[in-house]
Protein chains: 2
Amino acid sequence: MAIVHMAKREKRITIYDLAKSLNIAPSSVSKALNNSHAISSKIKKMVEDKAKELNYIHNTNAANLRRGFTRIIGVIVPKINESFFANIIAGIEKVCVQYQYSLIICQTEESLEKEVNAVKTLIRQNVDCILISLSLETQTTAHLEEIKNNHIHFIQFDRVSPAVDSYTVVNDNAAASYQAVKHLAEQGYQKIAYFGGPAHLNLYQERKKGYKNALKDLGLTFNEAFVKDEIISTENGRQEALSLLQADVKPDAFLCTSDYVSLGVLEALKTLNLTSPKDIGIIGFANEMFTQLIQPSLSSVNQFSYEMGEQIAKLYFDEVMKNKENDKVKSVKVKTEIVERSSSSR
Amino acid sequence: MAIVHMAKREKRITIYDLAKSLNIAPSSVSKALNNSHAISSKIKKMVEDKAKELNYIHNTNAANLRRGFTRIIGVIVPKINESFFANIIAGIEKVCVQYQYSLIICQTEESLEKEVNAVKTLIRQNVDCILISLSLETQTTAHLEEIKNNHIHFIQFDRVSPAVDSYTVVNDNAAASYQAVKHLAEQGYQKIAYFGGPAHLNLYQERKKGYKNALKDLGLTFNEAFVKDEIISTENGRQEALSLLQADVKPDAFLCTSDYVSLGVLEALKTLNLTSPKDIGIIGFANEMFTQLIQPSLSSVNQFSYEMGEQIAKLYFDEVMKNKENDKVKSVKVKTEIVERSSSSR
DNA sequence: AACTTATTGGAAATCGATTTCTAAAATATT
DNA sequence: AATATTTTAGAAATCGATTTCCAATAAGTT
């Protein structure tokens with residue numbers, strides 16, 4: 001796409017205009033507006049009044065250049081309009097306005113190339129910090145190291161790469177799926193299948209680990225055929241469930257790492273004339289809105305996405321910002337909760 | 001909340017560093033990097049190589065200050081994590097990256113005060129354009145005029161104020177609700193109630209207008225008691241539906257201006273032992289994900305939110321940006337579509 | 001070869017704030 | 001009253017690019 005160039009905007013009122021009309025120095029105007037203690041309250045009052053009168057608006061751009069930071073935080077997510085990420089962004093925004101920070105949002109649409117470009121854009125924009133959740137494609141991390149090379153603060157969340165040393169905010173994914181399996185077992189399900197996402201993502205490794213550990217601890221047998229990775233859409237879930245449920249040895253429950261996949265399992269049950277929770281137990285991840293509206297309602301792991309957003313932003317303001325060397329990075333775990341609904345209650 | 005000040009970041013490589021290490025002038029470096037025709041390809045090559053070698057990253061801030069524009073577009077929405085707005089933002093982002101523009105996102109949480117602050121922040125940040133959908137509270141528009149006073153391009157979308165002269169992108173709301181009523185009538189519903197939002201919003205005035213016009217054209221009687229404003233949540237919808245359905249003269253269908261309200265109507269039906277579509281027809285607005293998943297599935301007006309986002313951004317790049325005086329503003333209508341599902345099909 | 005015209009690199013001004021340093025004025029101290 | 005100290009305003013440098021203008025060189029023309 002061609003890059004279009006814009007005409008320069010008409011000039012705004014500057015501190016020089018204020019200074020001239022008050023017959024004082026621009027530096028004094030600046031100090032007055034910044035409430036510096038090195039300027040009298042008489043001049044402060046004068047300047048403030050004149051600023052209001054002439055409709056002066058501070059030019060952040062000029063100040064940023066001089067100060068060296070921008071009060072802007074960059075956020076990179078796979079998809080802005082996926083409710084999990086939309087909630088996280090909303091939570092981040094809520095906290096950022098309180099600190100008078102702005103947010104630049106980029107989406108990668110699950111593409112590494114777009115992710116690399118987004119990182120470049122944010123570095124160019126001089127953001128103070130980058131908050132990122134990796135795309136499904138991301139397996140290299142040179143672009144993340146680049147953030148650190150440019151001395152920009154950096155927090156990974158949800159989909160993180162342990163290969164890069166940084167602050168992280170994640171759910172305790174291993175514990176969450178452990179709890180989910182335990183819940184299914186308590187409801188009497190014995191042969192529990194696991195539908196995970198791309199195996200190179202730490203997030204899914206953790207969930208699989210929790211699943212396996214729970215089976216072991218509960219004395220349930222582990223069946224390699226019941227474990228599928230790369231199941232991330234409703235359609236994937238439907239097909240894999242169909243094939244598993246038509247095999248000789250069938251599962252009696254599914255732990256899905258997405259509610260959309262649960263939905264696919266449900267569709268498969270319908271075509272096979274099976275019902276949940278009677279024949280098959282189902283539990284998903286994310287606690288999407290629709291899980292409580294459909295029949296049967298779907299059990300799910302609530303990931304507290306909005307709260308995760310708040311915690312990410314708070315981590316930045318409370319810790320990262322004050323840690324100049326970005327050493328002693330820290331990992332924050334966000335609580336999860338098993339929401340028991342029909343699909344796993346018998 | 002206290003404003004925290006940040007330490008200045010460590011210095012990055014600048015064009016002065018490149019110039020020094022190549023023994024040429026900074027201005028030549030700038031021209032080389034901008035692919036100016038006033039510089040030889042020999043020097044361009046030299047500069048590009050050295051830039052790569054030293055990991056030079058362009059400082060947008062400095063360039064912005066000099067150029068007078070930022071390649072940043074500000075977006076203000078009531079809630080980032082409402083799927084309608086999340087989709088719009090995603091659509092806007094999709095187009096903006098193609099033009100190498102970044103997005104600053106603000107949410108008002110339906111508060112005028114936050115909206116005013118968001119506008120101020122965006123003006124300070126020197127954005128090239130502000131895209132805004134008004135909060136429910138917004139009835140004054142001084143802050144919007146302020147955008148124009150600062151010569152910042154400006155597009156209103158979805159929830160717009162006709163009191164402010166600006167580009168707008170909206171659904172044809174009158175036509176949409178007209179079609180919705182027509183659809184209900186065709187299915188044999190005669191006494192159609194209307195649940196709208198705050199009456200001061202143009203959006204809802206239009207929808208009510210379409211509703212009334214459709215009734216007239218179709219020869220259906222208009223009943224003032226069947227028209228309610230300020231019904232925007234599931235709970236509102238449930239209560240009002242309950243009260244209407246227990247009155248002497250009852251409606252046999254509901255046109256809801258939100259799918260969440262439809263959901264409330266559905267709840268009311270359950271407590272009254274009525275069913276949809278047999279006893280009562282329902283159609284909502286927004287075509288939310290859940291409308292096709294629940295029982296009965298809910299008919300809805302698809303507003304094509306993602307496409308609306310794309311069109312907003314395209315309007316900016318194709319027209320607004322080129323129209324220096326911002327005169328001859330234009331209103332873009334985004335198509336809608338009646339999605340017929342069980343709740344209105346008998 | 002002499003002259004005109006096109007290219008191309010560099011010096012310096014500029015964008016609009018912040019900040020350091022200096023000096024004058026106000027206040028405090030003896 | 002003389003001196004020491006503190007306040008306060010302003011001059012000038014600075015952030016890192018872009019852009020205008022000029023001069024030197026290269027290329028083209030007769």
Side-chain angles (χ1 to χ4, degrees), chain A residues 3 5-47 51 54-71 123-126 128 150-151, chain B residues 3 5-47 51 54-71 123-126 128 150-151:
Chain A
I3 296 171
H5 282 284
M6 233 193 88
K8 196 178 285 198
R9 252 202 309 280
E10 229 164 302
K11 271 215 281 278
R12 296 209 299 228
I13 299 288
T14 71
I15 56 168
Y16 295 89
D17 300 322
L18 295 183
K20 197 177 290 173
S21 84
L22 289 169
N23 258 312
I24 61 176
S27 55
S28 303
V29 174
S30 172
K31 285 173 195 162
L33 293 172
N34 284 296
N35 203 16
S36 156
H37 58 82
I39 208 88
S40 67
S41 47
K42 198 187 76 195
I43 291 209
K44 278 181 193 169
K45 180 85 174 64
M46 264 171 55
V47 170
L54 299 186
N55 240 314
Y56 167 79
I57 293 196
H58 181 256
N59 185 327
T60 312
N61 241 285
N64 289 347
L65 176 59
R66 177 62 229 245
R67 285 191 166 133
F69 60 92
T70 52
R71 302 186 93 78
I123 296 177
R124 272 197 295 260
Q125 292 283 2
N126 245 315
D128 291 349
N150 281 280
H151 307 286
Chain B
I3 296 172
H5 283 286
M6 234 193 89
K8 197 178 284 197
R9 252 202 308 281
E10 228 164 301
K11 271 214 283 278
R12 297 208 299 228
I13 300 288
T14 70
I15 56 168
Y16 295 89
D17 300 322
L18 295 183
K20 197 178 290 172
S21 84
L22 287 170
N23 258 314
I24 60 176
S27 54
S28 303
V29 174
S30 172
K31 286 172 192 164
L33 293 172
N34 284 295
N35 202 16
S36 155
H37 58 83
I39 209 89
S40 68
S41 46
K42 199 186 74 195
I43 291 207
K44 278 181 193 169
K45 181 84 175 63
M46 265 172 55
V47 171
L54 298 187
N55 240 314
Y56 167 79
I57 292 195
H58 181 258
N59 185 328
T60 311
N61 241 285
N64 288 348
L65 176 57
R66 178 61 229 245
R67 284 192 168 133
F69 61 92
T70 52
R71 302 187 92 78
I123 295 177
R124 273 197 294 261
Q125 291 284 2
N126 245 317
D128 291 348
N150 280 279
H151 308 287

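Worth saying up front: this structure is predicted, and the values here are computed from it rather than measured.
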Checklist entry - What's the closest nucleotide to the Ala63(A) side chain, out of dA9(D), dA17(C), dT18(D)? => result dA17(C)
Next on the checklist: Please evaluate residues Ile123(A) and Arg12(B) with respect to the criterion side chain to side chain contact (heavy atoms under 4.5 Å, CB included), reporting the C-alpha separation (whole Å), side-chain torsions for both, the decisive distance (0.1 Å), and the verdict.
Outcome noted: CA-CA 11 Å; Ile123(A) 296 177; Arg12(B) 297 208 299 228; 3.6 Å; yes
Item to check | Side-chain heavy-atom pair Tyr16(A), Val29(A) within 4.5 angstrom cut-off | outcome: no
Item to check | Euclidean distance, atom CG of residue Asn126(A) to atom C1' of dA17(C) [Å, nearest integer] | outcome: 15 Å
Checklist entry - To the nearest angstrom, how far is Phe69(A) atom CZ from dG16(D) atom P? => result 14 Å
Checklist outcome for this item: Here the distance between atom P of dG9(C) and atom CG of Asn34(B), to the nearest Å, is 15 Å
Next on the checklist: I need the CG-P distance between Asn35(A) and dT19(C), as an integer number of Å.
Outcome noted: 14 Å
Checklist entry - Starting at CD of Gln125(B) and ending at C1' of dA17(C), how long is that distance when rounded to a whole Å? => result 14 Å
Next on the checklist: I'd like to check the side-chain hydrogen bond (donor to acceptor under 3.5 Å, both in side chains) partners of Lys45(A); sequence neighbours left out, ordered by chain and number.
Outcome noted: Asp49(A)
Checklist entry - With Asn35(A), which residues qualify under side-chain hydrogen bond (donor to acceptor under 3.5 Å, both in side chains), at least two apart? => result Lys44(A)
Checklist outcome for this item: Ile39(A) and Ala32(A) have their tightest heavy-atom pair at CG2-CA, 3.9 Å
Enumerate all atom pairs, one protein N or O and one N or O from nucleotides 23-26 of chain C, separated by less than 3.5 Å.
none

Checklist entry - At how many degrees, to 10°, do the end axes of the helix from dA1(C)-dT30(D) to dT30(C)-dA1(D) meet when each uses five pairs? => result 30°
Checklist entry - How many angstroms lie between atom OH of Tyr56(A) and atom CG of Leu18(A), to the nearest 0.5 angstrom? => result 6.5 Å
Checklist entry - Which is true for Asn64(B) with a 4.0 Å heavy-atom rule: it touches a base, it touches only sugar-phosphate, or it touches nothing? => result nothing
Item to check | Euclidean distance, atom NZ of residue Lys20(B) to atom P of dG16(D) [Å, nearest integer] | outcome: 12 Å
Next on the checklist: Just the rounded figure in Å: distance from P of dT20(C) to NE2 of His37(A).
Outcome noted: 11 Å
Checklist entry - Is it the case that Asn59(B) and Asn126(A) place a side-chain donor and acceptor less than 3.5 Å from each other? => result yes
Which protein N or O atoms sit under 3.5 Å from an N or O of nucleotides 11-14 of chain D?
| residue | atom | partner | partner atom | Å |
| --- | --- | --- | --- | --- |
| dA11(D) | N6 | Ser27(A) | OG | 3.3 |
| dT14(D) | O2 | Arg66(A) | NH1 | 2.8 |

Next on the checklist: So Ser30(A), base contact, sugar-phosphate only, or nothing? Heavy-atom distance under 4.0 Å.
Outcome noted: base
Checklist entry - Just how far is it from atom CG of Asn64(B) to atom OG1 of Thr60(A), taken to the nearest 0.5 Å? => result 11.0 Å
Checklist entry - Within less than 4.0 Å of OP1 or OP2 of dT18(D), is there a side-chain N or O belonging to His58(B)? => result yes
Checklist entry - Val29(B) or Ala38(A): which one's nearest nucleotide on DNA chain D is closer to the 5' end? => result Ala38(A)
Checklist entry - Is it true that the side chains of Asp128(A) and Thr70(A) contain a donor and an acceptor less than 3.5 Å apart? => result yes
Checklist entry - To the nearest angstrom, how far is Lys42(B) atom NZ from dT8(C) atom P? => result 11 Å
Next on the checklist: Under the rule for side-chain contact (heavy atoms from CB on, under 4.5 Å), what residues qualify as partners of Asn34(A), not counting sequence neighbours?
Outcome noted: Ser30(A), Arg67(A)
Checklist entry - With sugar-phosphate meaning primed atoms plus P, OP1 and OP2, does Asn61(B) contact a base, only sugar-phosphate, or nothing at under 4.0 Å between heavy atoms? => result nothing
Next on the checklist: With side chain to side chain contact (heavy atoms under 4.5 Å, CB included) as the criterion, how do Val47(A) and Leu22(A) come out once you've worked through the C-alpha distance, each side chain's angles and the decisive distance to 0.1 Å?
Outcome noted: CA-CA 8 Å; Val47(A) 170; Leu22(A) 289 169; 4.0 Å; yes
Checklist outcome for this item: Per atom distances to the Tyr56(B) side chain, the nearest of dA17(D), dT18(D), dT18(C) is dA17(D)
Checklist entry - Nearest 0.5 Å, what's the CG-CD1 distance between Asn150(A) and Ile57(B)? => result 4.0 Å
